[in-house]
2 protein chains.
Amino acid sequence: MEIKQNEIIEFMRSNGIKPSYQRIKIYEYLVKNRNHPTTEIIYHNLIKKIPTFSRTTVYNTMELFIKRGIVSMISIDEKEARFDADTSVHAHFMCTICKNIYDIPVKSGEVNISGLKGFKVSENHINFKGICKSCSKHNKSEIN
Amino acid sequence: MEIKQNEIIEFMRSNGIKPSYQRIKIYEYLVKNRNHPTTEIIYHNLIKKIPTFSRTTVYNTMELFIKRGIVSMISIDEKEARFDADTSVHAHFMCTICKNIYDIPVKSGEVNISGLKGFKVSENHINFKGICKSCSKHNKSEIN
DNA sequence: GTATCTGCAAAACATTTGCAATTCT
DNA sequence: AGAATTGCAAATGTTTTGCAGATAC
């Protein structure tokens, strides 16, 4: 993903977030690495560039980003939270073999649950687990 | 929910689970209280009846139940895991005001995500958050 | 009598909190 | 200077692990 610092700063300001150096780097990481990282992954990657960087800042910043709606939390992996800079409606699929998390597009009308009538839905978390295409192939060839 | 100990024992055996006293009580609790309890809630309720009962046993037992497929884990509340003895396909809705977790039926065809083609889905976790019917009413009357 | 199950105590993690130092305007 | 942000260190809360004793077949 290509994104310029200027655009990030602009984007943060328009969402009521003061663009500190740490916040910019964190958001930049999220946009450039669409890998649904954990707090630890973000910390691990940015401590290289920012020697005084702390986990607390990641926690603080994620909380702020979520409150301002520019990041959403994914709880597909019950051990630790993961984050996604793509806040549009989409599902996730986690492969139980390779542990990869895939973004799954959800087209309009593909999720239409009549039982939700009367509930005011503000967040949706649609997560699947199983075996991804790539791991299915490998398994097949091993068996045959 | 009405269920007899005999039925539970039968059911466990048919799923390859040795029916110990603790396991029976835990499963009985899950079936009679369809409230998606946390480990702590289960522990808290059963320690009353089993003075030597331990949290470890709850963790061990839930792991076993999940492995044998008679219970599923709900991660709608990222703080702690919740459990559901209803393993059929259905969604969950957590009210951000009253914190209640509702079971939402999902009829055949209501979730049909074409982007999942090629993925072998073995688990689905469809969770929503927002304001439930009851809390919506109260809010409305406060505002008007 | 051997396997399994249970439960205590300690350890391991992820996350939160308090607060002092730093940074920004 | 004043307000917000950062980050260290300690606390918290959930879950896991090691192991000894209890229980079941």
Side-chain angles (χ1 to χ4, degrees), chain A residues 5 8-9 12-13 15-29 36-68 70-83 94 99 101, chain B residues 5 8-10 12-13 15-29 36-68 70-83 99 101:
Chain A
Q5 300 248 131
I8 293 178
I9 293 172
M12 285 192 178
R13 291 223 167 95
N15 281 283
I17 297 164
K18 286 190 188 168
S20 74
Y21 182 73
Q22 285 84 341
R23 289 172 182 175
I24 293 166
K25 286 298 169 200
I26 292 173
Y27 192 74
E28 193 180 34
Y29 179 83
H36 317 95
T38 62
T39 308
E40 191 56 31
I41 292 172
I42 297 169
Y43 171 74
H44 185 76
N45 276 277
L46 294 187
I47 187 75
K48 295 173 191 166
K49 294 166 188 168
I50 314 166
T52 61
F53 196 58
S54 83
R55 269 172 259 262
T56 306
T57 298
V58 184
Y59 284 107
N60 288 340
T61 304
M62 295 331 273
E63 190 186 358
L64 176 66
F65 284 0
I66 289 168
K67 192 164 54 184
R68 294 284 189 256
I70 70 167
V71 159
S72 62
M73 184 188 287
I74 307 168
S75 23
I76 197 170
D77 180 1
E78 34 278 323
K79 308 288 174 200
E80 51 190 330
R82 291 175 172 272
F83 302 96
M94 186 185 215
K99 309 296 178 197
I101 295 174
Chain B
Q5 301 248 127
I8 293 178
I9 291 173
E10 194 71 18
M12 285 192 178
R13 290 224 167 93
N15 281 283
I17 297 165
K18 286 190 187 169
S20 75
Y21 182 72
Q22 286 84 341
R23 289 172 181 176
I24 293 167
K25 287 298 168 198
I26 292 173
Y27 192 74
E28 194 180 34
Y29 179 83
H36 318 95
T38 61
T39 307
E40 190 56 30
I41 292 172
I42 297 169
Y43 172 74
H44 185 75
N45 276 277
L46 294 187
I47 187 75
K48 296 173 190 167
K49 292 167 188 167
I50 314 166
T52 61
F53 196 59
S54 81
R55 269 171 259 263
T56 307
T57 298
V58 183
Y59 283 107
N60 288 340
T61 304
M62 294 333 270
E63 190 186 358
L64 177 66
F65 283 0
I66 289 167
K67 192 164 57 185
R68 293 286 188 255
I70 70 167
V71 159
S72 63
M73 185 188 285
I74 308 168
S75 25
I76 198 171
D77 180 1
E78 35 278 323
K79 307 287 174 199
E80 51 190 333
R82 291 175 172 273
F83 303 97
K99 309 297 177 196
I101 295 175

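Naming convention: chains lettered A, B, ... in sequence-line order (proteins, then strands); numbering from 1 in each chain.
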### Interatomic distance, A:E63 CD vs C:dA14 C1' [rounded to whole Å]
15 Å

### Query
For B:L64 and C:dT6, what is the distance between atoms CG and C1' respectively, to the nearest whole Å?
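From B:L64 CG to C:dT6 C1': 13 Å.
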
### Query
Does a side-chain N-to-carboxylate-O contact under 4.0 Å join B:K25 and B:E28?
yes

### Partner nucleotide, any strand, of C:dA3 [Watson-Crick/G-U, under 3.5 Å]
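Across all strands, not a single nucleotide pairs with C:dA3.
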
### Task
Using Watson-Crick or G-U wobble geometry with both distances below 3.5 Å, tell me the partner of D:dT23, or none.
none

#### Entry: B:I70 side chain near B:Y27 side chain, heavy-atom distance below 4.5 Å
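When only atoms from C-beta onward are counted, B:Y27 and B:I70 do touch, with a gap below 4.5 Å.
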
### Task
Would you check if A:T38 and A:F83 make a side-chain contact, meaning some heavy-atom pair closer than 4.5 Å?
no

If you compare all heavy atoms of [X] against all heavy atoms of [Y], which two are closest, and at what distance to 0.1 Å?
X: B:E78; Y: A:S75; answer: OE1-OG, 3.6 Å
X: A:I24; Y: A:P19; answer: CD1-O, 3.7 Å
X: A:M62; Y: A:V71; answer: CE-CG1, 3.8 Å

### Span of DNA chain D in contact with chain B (heavy atoms, under 4.0 Å)
D:dT14 to D:dT17

### Message
For A:Y43 and A:F53, take the angle between the two ring planes, folded into 0 to 90°, and tell me which bin it lands in: parallel under 30, tilted 30 to 60, perpendicular over 60.
### Response
parallel

#### Entry: Per-nucleotide protein contact string for nucleotides 15-25 of chain C (B base, S sugar-phosphate only, - none; heavy atom under 4.0 Å)
BBB--------

### Query
B:R13 side chain to B:K18 main-chain N or O, any donor-acceptor pair under 3.5 Å?
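The answer is no, because no donor-acceptor pair under 3.5 Å joins these two groups.
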
